[in-house]
Amino acid sequence: MCGIVGYVGERNAAPILMKGLEKLEYRGYDSAGIAVHDGKNVNIYKAKGRLKVLEERYPPSEVAGVLGIGHTRWATHGEPSELNSHPHVSGRIAVVHNGIIENYQRLKPWLEEKGFNFISETDTEVAAHLVNHFYEGNLLRALKKAVALLEGSFALGVLSADYPDTLVAVRKASPLIVGIGDNENFIASDIPAILEHTRKVYLLDDGDMVVLKKNDVRLYNSLGERIRKEIFHVTWDADMAEKGGWAHFMVKEINETPKVLHDTLLPRIDENGRFSLSEISGFAAMAGGLRRLFIIGCGTAYNAAMMGKYFIERTARIPVEVDYASEFRYRKPLIGRGDACIVISQSGETADTLAAMREAKKRGARVVAITNVVGSSVAREADEVFYTWAGPEIAVASTKAYSAQLMALFIIGTELAFRVGGIDEEQYSAMLSALIKIPEQVQRVLDNVARIQQVAAERFNAKNVFYIGRGMDCPLSMESALKLKEICYTHAEAFAAGELKHGPLALLERGTLVVSLMTEEALIDKTISNMIECRTRSAYILGIAMEGNIKAVETSDECIMIPRTMDCFAPMLAAVAAQLFAYYVAVQKGLDVDKPRNLAKSVTVE
Ligand code: M6R
């Protein structure tokens with residue numbers, strides 16, 4: 001979780017490092033630091049708190065040097081403090097690290113015996129001392145030896161005071177890319193950090209090491225052998241990773257949903273007007289004989305997976321098991337040959353998801369990734385990839401990527417259903433036509449923002465919020481509640497509406513806000529009974545329903561209307577309304593919407 005960046009070139013390193021860290025702050029933001037080589041020495045600048053504290057304390061324009069590394073931290077080992085923040089120094093070596101060194105407690109006494117003095121509580125300091133221990137003037141050799149002893153996940157950027165022109169780095173199970181510029185080169189945890197300077201990158205594989213000078217990039221494998229790689233050309237531009245006039249990334253990203261859905265859907269419709277699963281042809285070929293389908297993810301991706309289950313079981317009649325990746329990886333799952341597993345991850349770097357995916361592969365299942373990041377670990381390790389073309393998602397709370405995940409699942413599910421005879425030609429065409437209309441219908445939800453803003457302004461003080469729904473509104477409730485928890489710090493729970501009377505009703509009191517999702521019109525009467533049970537106990541009911549649903553309007557205190565579509569696709573519209581509601585509640589509360597407390601965007605540690 002943490003973001004690292006490095007620069008070597010002819011320009012002043014500090015402003016480039018700080019700018020890069022700004023783009024990586026979504027990965028962690030409890031402290032930050034940089035190390036800059038001024039030609040003689042490596043100077044360290046660190047501060048607890050957001051990056052702006054560091055920038056204010058050490059204005060980047062006043063820091064001299066054309067080589068440096070930087071770090072923005074999400075604390076794992078040791079509280080957020082200046083001492084625990086990176087870079088960590090040992091002798092002439094400075095190190096930034098993203099990931100977790102799992103065997104640091106074993107290495108620490110061994111290094112102490114050798115005379116190294118530990119001053120922080122971090123696992124990273126072990127890496128700094130280890131490189132120093134093996135350092136005899138050759139930085140790459142020292143790094144290689146250190147890496148051989150380190151267990152866990154890490155991307156490391158390393159400088160030596162002896163080399164004012166050289167930066168070395170390594171990647172193992174934590175993301176790291178190399179940016180190639182003119183007379184300058186970069187490393188970073190993620191592309192947005194360097195996009196302002198170059199769109200040419202190398203995507204490092206596990207174990208890869210790199211030695212960077214301003215005019216030279218040398219890549220090595222874990223054995224220390226020189227390797228060559230294709231340059232990856234980034235197609236999106238820096239603007240997509242900027243706020244572009246919006247108050248927050250989150251609201252910008254929600255407003256990008258129509259485009260994202262359009263981009264995810266249209267390339268999958270072939271010249272005959274049918275869905276094409278050519279990217280995942282191996283999986284598609286299994287359709288007829290598929291024993292079982294597993295869908296795995298964490299957080300929002302899990303909630304999308306759950307939606308996929310409802311949809312695929314309903315239309316294709318194939319049994320679908322959904323799991324939290326963190327559970328799947330350890331529960332000895334009954335998955336094997338003849339099964340397929342869809343792994344969902346926006347970042348493609350979530351540690352639990354990666355481990356779960358490896359488990360599924362090891363047991364013989366065919367693995368398809370639905371991910372947003374080209375070249376991510378999940379994308380590279382899956383048998384086949386179905387990309388969500390959502391562009392960079394910076395806000396910690398996932399919005400447009402979730403919508404794109406739903407679209408991906410609906411495309412795959414509809415095609416699967418047709419292939420196995422779960423739906424006929426007429427139903428297939430109707431579903432395809434309905435999906436084509438969704439982007440424009442999402443735009444109409446966005447155009448209704450004033451109404452949502454108003455309800456948020458009236459209700460933002462609610463202490464407890466229930467999200468209820470039946471059928472596909474049930475996983476939608478889970479995702480909607482997660483948004484409110486994450487960015488509003490409001491206690492929000494999702495309940496299958498029918499479950500309320502089996503316990504949760506006891507929690508209901510005057511003023512409890514109940515958000516009732518009512519896109520499953522076949523079940524509307526049942527949900528309405530549950531709403532009435534809540535109203536008679538003095539709850540305030542906010543409904544979200546399709547236009548023309550009079551019963552929903554009558555039973556709610558306030559009802560947000562979304563355009564009419566097939567029930568099974570309506571969650572894509574209702575999700576956007578729920579995301580906007582959470583966003584405006586957080587704004588009303590004056591919270592840091594894009595960087596909620598205690599969270600980070602990519603959870604690359606267990
Ligand atoms: O990158 P991933 O999709 O694998 O991330 C999974 C979760 O960490 C993520 O969805 C998280 O729950 C978001 N903060 C939700 O908004």
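If you're wondering where the values come from, they're calculated on a predicted model, not measured in any experiment. Order of appearance sets the numbers: ligands from 1, and atoms from 1 within every ligand.
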Original post:
Any idea which residues sit under 4.0 Å from ligand 1, heavy-atom distances?
Top reply: C298, G299, T300, A301, S345, Q346, S347, T350, V396, A397, S398, K483, E486, V603
Original post:
So H77 and Y104, would you call those rings parallel, tilted or perpendicular, with 30° and 60° as cut-offs?
Top reply: perpendicular
**OP:** Give every residue pair that meets the salt bridge (charged side-chain N to carboxylate O under 4.0 Å, His left out) criterion with at least one member in residues 570-592, sequence neighbours excluded.
**Re:** R50-D592
**OP:** Could I get the full list of ring-ring contact (aromatic ring centres under 6.0 Å, His included) partners for Y302, not counting sequence neighbours?
**Re:** Y324
Original post:
Would you say the ring centroid of F569 lies under 6.0 angstrom from that of F311?
Top reply: yes
**OP:** Identify, with sequence neighbours excluded, every residue that meets ring-ring contact (aromatic ring centres under 6.0 Å, His included) alongside F495.
**Re:** F466
Original post:
Between H248 and D594, is any side-chain donor less than 3.5 angstrom from a side-chain acceptor?
Top reply: no
